[in-house]
There are 2 protein chains.
Amino acid sequence: MNRPRITDVARIAGVSTATVSRALSRPERVSAETRATIERAIAETGYRLNHAARNLRHQRTGSIVALVPNLANPYFSQILSGIATVLSPAGYNLLVADTRTTNPIRYGDPSHADGLIVMDGSVPPSVLAERPTVVVSESIRGLSAPCVLIDNEAAAATAVTHLADLGHRRLGHVTGPRGNVLTEQRLSGTQRAAAARGLPAPTVIEGDFSLASGRRAAQRWLEMADRPTGVFLASDEMACGFIGELQRHGISVPRDVSVIGFDDIEMVEHLTPGLTTIRQPRGAMGCVSAERLLGILGGDGEEGDTILPVELILRASTAIPR
Amino acid sequence: MNRPRITDVARIAGVSTATVSRALSRPERVSAETRATIERAIAETGYRLNHAARNLRHQRTGSIVALVPNLANPYFSQILSGIATVLSPAGYNLLVADTRTTNPIRYGDPSHADGLIVMDGSVPPSVLAERPTVVVSESIRGLSAPCVLIDNEAAAATAVTHLADLGHRRLGHVTGPRGNVLTEQRLSGTQRAAAARGLPAPTVIEGDFSLASGRRAAQRWLEMADRPTGVFLASDEMACGFIGELQRHGISVPRDVSVIGFDDIEMVEHLTPGLTTIRQPRGAMGCVSAERLLGILGGDGEEGDTILPVELILRASTAIPR
DNA sequence: AATCATGTTGCAAACGATTACAGCCTCGAA
DNA sequence: TTCGAGGCTGTAATCGTTTGCAACATGATT
């Protein structure tokens, strides 16, 4: 037996399909008794709306696609989770596409989704121009879409100020890859905050956000004559590698050196010592980006970027210098 | 200016919409020169197919929905990632729904998706009966859908056998919540393997898979007169809590006690000591479940469950007993 | 009694594709 | 010349809704 259609309901209720449709979408425009009859007919047939047909008629899809560079990465899945909590009550489906395996062009196509939330800065702007778009976490050059970001410079300053508050004067900073926007902003915040406290410019070690580059940074630190007593690393992954390598050489954290990371990825809470770090509000970033996209879709979208506050998470890896 | 439709292409190419449609879906049924003309017209107009219309006509959606209990949990996002790598090349969209925020009934609706991949054992079978379904990781009682699983009993036996191989004779096992299928299977595998090696029955401590319950298990361990020298915990999270709490009491892992976990979640590689554990092939579980679903959709679906092999990951938390 | 506003309902045309069926043309065989 | 086969194309119905417009009934107003 085929799935019941709206005409089946109409026939059984003895009304036209137009009336059934109205009873569903704007019940107040249908008389109470007709509505009751229709409801009975719906129950009897087990009728359920065909969304493909409705979407065709409405010229919309009811879906939002989220473009992530790597679905397996917890950083993104937490943002996704935030997005889902907003989209679902709003009646939108969440379509997820991993840019490693999916051609983003496919989702730029308006017949797939009503809007895009992009977490991958490397997606070409031309693909995104066709649909309402919100960018999260990174900004994309040449695209005039609203972004949901954190203030990386201020966040870095917070980290450095924390070290300064503890009494550290010789500071180190391990950066992300050169040229990356995040890298530059965090570096600049680091230098600004140190200067503001009247401290000498922090020693800069170049990294690339990866665990391995954190380990290399540790080797650099070990070789130094005048070792910084407080080190701020631009990612938690690097901080993990850094601490692990130091411990392997008998250095104690935080007794010999205080370490502060960036991101607050889940695992660093469980390290020994627990890592002091800057938490990015990933869930909130997801929520806000979804809300802003809904705003645009609803026609009352605002201009400009949203900057979300970060939080300094104090754990055991930072302490007063010896 | 409106989006070009197939009629626009047809008009410009001087053919009927039927011919344009055929040129797109089965080019060999259209003469080469007509095809060329059509292609020119498509390029000229910038025409792109409207998927809503095609789907309506084809009575399909082109989407698969994945039902996860918690999108922010890396365990699931890695499975999702595997699913995405298979679905995307097959031309399907991946719709993700978090069962905490979305009513699963909504996705049981055939007009949303062509099939379901379920990662949440608590979804009522009635919701799933309407569409082809594959269950991953847990099995759902009362649902005759193929499952993609690991052999939890054998995996637990592998863990225990590893401890036995190292020479441990007094073993402990921290379980998941009672009543859970996984809990029972891992417990039974633990007991069977100990018996097979002629060891006394392992001391059982009840947990619930959470970090906190791992900490509580550590307290229980500390109170014991005759402490097990090797402990197998049914989740890595519990193992983290367990080790952390022991270290806080000056107990050294693995010198004083060997610890083995279950899952190989990302962070445990970076603990000190690195956690020996049983790795679930999460990416593969995702791939296989997606492939099986595509099989069903394609009409040549096979019956029965797929059991994937686990892997013992040796790290630093297990060693020969003192 | 005529007019009008109001509330309900139905008719039929969209939305944008796909495809069964039939028609036309060409060419080779009888 | 006639016929049939095969290749290509067009006509029109269809997928399941939504919605502008018009029609109708009812009761209030003049």
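The sequence lines fix the lettering, A, B, ..., with proteins before strands; numbering per chain opens at 1.
- If you take CD1 of Ile6(B) and P of dG16(C), they are 12 Å apart, rounded to a whole angstrom.
- Between Asp8(A) atom CG and dT17(D) atom P the separation is 9 Å, expressed in whole Å.
- Comparing dT9(D), dC15(C), dT8(C) by their closest approach to the side chain of Ser31(B) singles out dT9(D).
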Grab the N/O contacts between the protein and nucleotides 23-26 of chain D below 3.5 Å, and write none if there aren't any.
none

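- Counting only heavy atoms from C-beta outward, the side chains of Leu80(B) and Leu71(B) approach each other to under 4.5 Å.
- Note: CD1 (Ile42(B)) to C1' (dA17(C)) measures 13 Å, nearest angstrom.
- Using a 3.5 Å distance cut-off with no hydrogens or angles, the side chains of Thr45(B) and Asp8(B) do not pair a donor with an acceptor.
- Applying the ring-ring contact (aromatic ring centres under 6.0 Å, His included) test to pairs two or more places apart or on separate chains, those with a residue in residues 44-71 of chain B are His112(A)-His51(B).
- Taking only side-chain atoms of Ala53(A), from C-beta outward, the nucleotide of dT9(C), dT17(D), dA17(C) with the closest atom is dT17(D).
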Return the polar atom pairs (N/O with N/O) between nucleotides 19-25 of chain C and the protein under 3.5 Å, or none.
residue, atom, partner, partner atom, Å
dT19(C), OP1, His58(B), NE2, 3.2

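- Ion pair Asp109(B)/Arg3(A) flagged as a salt bridge, since at least one NZ, NE, NH1 or NH2 atom sits closer than 4.0 Å to an Asp/Glu carboxylate oxygen.
- Each of dG10(C), dT9(C), dA17(C) was ranked by its minimum atom distance to the side chain of Val15(A); first place goes to dG10(C).
- By the 4.5 Å heavy-atom criterion applied to side chains, Pro146(B) and Glu303(B) are not counted as neighbours.
- When all heavy atoms are compared, the tightest approach of Pro27(A) to Ala23(A) is CG-O, 3.5 Å.
- Residues Asp114(B) and Pro132(B) are not in side-chain contact: their nearest non-hydrogen atoms beyond the backbone lie 4.5 Å or more apart.
- For Gln59(A), no side-chain nitrogen or oxygen approaches OP1 or OP2 of dA14(C) to under 4.0 Å.
- Within 6.0 Å of the CD atom in Glu28(A), the count of heavy atoms belonging to other residues, nucleotides or ligands exceeds 12.
- Between Leu49(A) and Ser16(B), the residue anchored closer to the 5' end of DNA chain D is Ser16(B), taking for each the nucleotide with the nearest heavy atom.
- Rounded to whole Å, the distance from CG on Asn55(A) to P on dC15(C) is 16 Å.
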